[in-house]
Amino acid sequence: MKSLIKFVLASIGAFLALSLPAHAQGTCPKGRELVNTLVTSINAIPGDSNKTKAYAIVYWKRATYQVYENVNLLGVLNGCSYPKGNCGLPDDLSGTRFQQLVDYQDAVYAFRNGKTSSEPRVPMSAPFPDDGMLEWAEGVLGCTTSEPAPAAPPQTAPDPKWVGYDAARQAGGDQFYQWWRKNFEMRRTADAFELCRTFGSSSYECSLVAEWTYLNSGRNPYTGGTTQTFNGTYSDQDRGYNAGYEGTVPKPTYTPPTSNEPRCYDQGDGTEKCFYD
């Protein structure tokens, strides 16, 4: 009967343990808060030695090599060497980072007392406590030294105006031509320069930079003037594009004169201006 009662009580206890909500584990103190808490714990009368050592272990984790600058703090950590297996350490401390800390502290005392002539060096292979020590300290304090993962930045929907722009600009050719004919825009001046660097200064892609300049500034990139007719240097026929290019006027052409013939120039409005030498 007693065995049955114990079994029932144990079952109820297990059920309650599973059904109770787990308490969120907070982050262990750090920075000035950790230093002040550690100092308060060391000076507390009566104090909790386990908590003091746990705060010191967390400080070792947070401050890494700075822990070796305070011999008194090393003395607090040295308290983990007794009894054996304390602070989450194994009975045999050889090979642990904690043992390197203890050896360094002993070497400092020997140097300060004149027993050795050379100042000891900080053990570079022991910048933080052993894993078992850290787990023990977190269990004593009920906190974790792990930092929460940073929140992912909110994803903003792409501007529909520029959908396909980067891919078209990188591909060049007909893909960029089709995008350009639809939008007549570039996102930034650097993109225009990149087109000319990538495809060459005499490329069709680079020639669109001139058109873009004209559309944005009203200045003809070839004449420097502000006439409202853009005299482009390219056409769909000689570039191999079949989509059509509306609204352009061929660049004025120069007709070399023969003997006793006038020099004539197309003024772009259907008339010519001629003169003799």
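- Asp191 places no side-chain N or O within 3.5 Å of a backbone atom of Arg169 that could act as its donor or acceptor partner.
- Under a 3.5 Å cut-off, the side chain of Asn70 and the backbone N or O of Leu73 do form a donor-acceptor pair.
- Taken from SG in Cys143 to NZ in Lys30, the straight-line distance is 11.5 Å, to the nearest 0.5 Å.
- To the nearest 0.5 Å, the span separating OG1 on Thr96 from CG on Leu93 amounts to 5.0 Å.
- Cluster membership check: Val102 shares its hydrophobic cluster with Val108, using side-chain heavy-atom separations under 4.5 Å among Ile, Leu, Val, Met, Phe, Trp and Tyr.
- Of all heavy-atom pairs spanning Gly85 and Asp91, the tightest one is N-OD1, 3.5 Å.
- A distance of 9.5 Å separates CD in Gln170 from CD in Gln175, rounded to the nearest 0.5 Å.
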Extract all donor-acceptor atom pairs below 3.5 Å that involve side chains of residues 44-52 and protein atoms in other chains or at least two apart in sequence.
from, atom 1, to, atom 2, distance (Å)
Asp48, OD1, Asn50, N, 3.1
Asp48, OD1, Lys51, N, 3.3
Thr52, OG1, Ser41, O, 3.3
Thr52, OG1, Ser41, OG, 2.7
Thr52, OG1, Asp48, O, 3.1

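- Residues Thr116 and Ala107 approach most closely at OG1-O, 4.4 Å, considering heavy atoms.
- For Gln99 and Asp103, the side-chain atoms include at least one donor-acceptor pair closer than 3.5 Å.
- Remark: Lys61 NZ to Ile57 CD1 distance equals 12.5 Å, nearest 0.5 Å.
- In this structure, a donor-acceptor pair under 3.5 Å is absent between the side chains of Thr198 and Glu205.
- The closest donor-acceptor contact from the side chain of Arg121 to the backbone of Tyr104 lies at 3.5 Å or more, if one exists at all.
- Cluster annotation: Val140 and Phe128 are assigned to distinct hydrophobic clusters (Ile/Leu/Val/Met/Phe/Trp/Tyr, side-chain heavy-atom contacts under 4.5 Å, transitive).
- The heavy-atom pair separating Arg97 from Ser125 by the smallest distance is CD-O, 3.6 Å.
- In this structure, CD in Gln105 is found 9.0 Å from CG in Asn72, a value given to the nearest 0.5 Å.
- Contact between Ala56 and Leu38 at its shortest, heavy atoms only, is N-CD1, 3.7 Å.
- Residues Tyr55 and Pro29 approach most closely at CE2-CG, 4.1 Å, considering heavy atoms.
- Phe111 and Leu101 fall into different hydrophobic clusters, defined by Ile, Leu, Val, Met, Phe, Trp and Tyr side-chain heavy atoms under 4.5 Å apart, directly or through other members.
- In this structure, Ile42 is a member of the same hydrophobic cluster as Tyr59, with clusters built from ILVMFWY side-chain heavy atoms closer than 4.5 Å.
- Asn113 places a side-chain N or O within 3.5 Å of a backbone atom of Tyr109 that can act as its donor or acceptor partner.
- Contact record, Cys87 with Lys53: SG-CD, 3.9 Å, taken as the closest heavy-atom pair.
- Met124 places a side-chain heavy atom less than 4.5 Å from the side chain of Tyr65.
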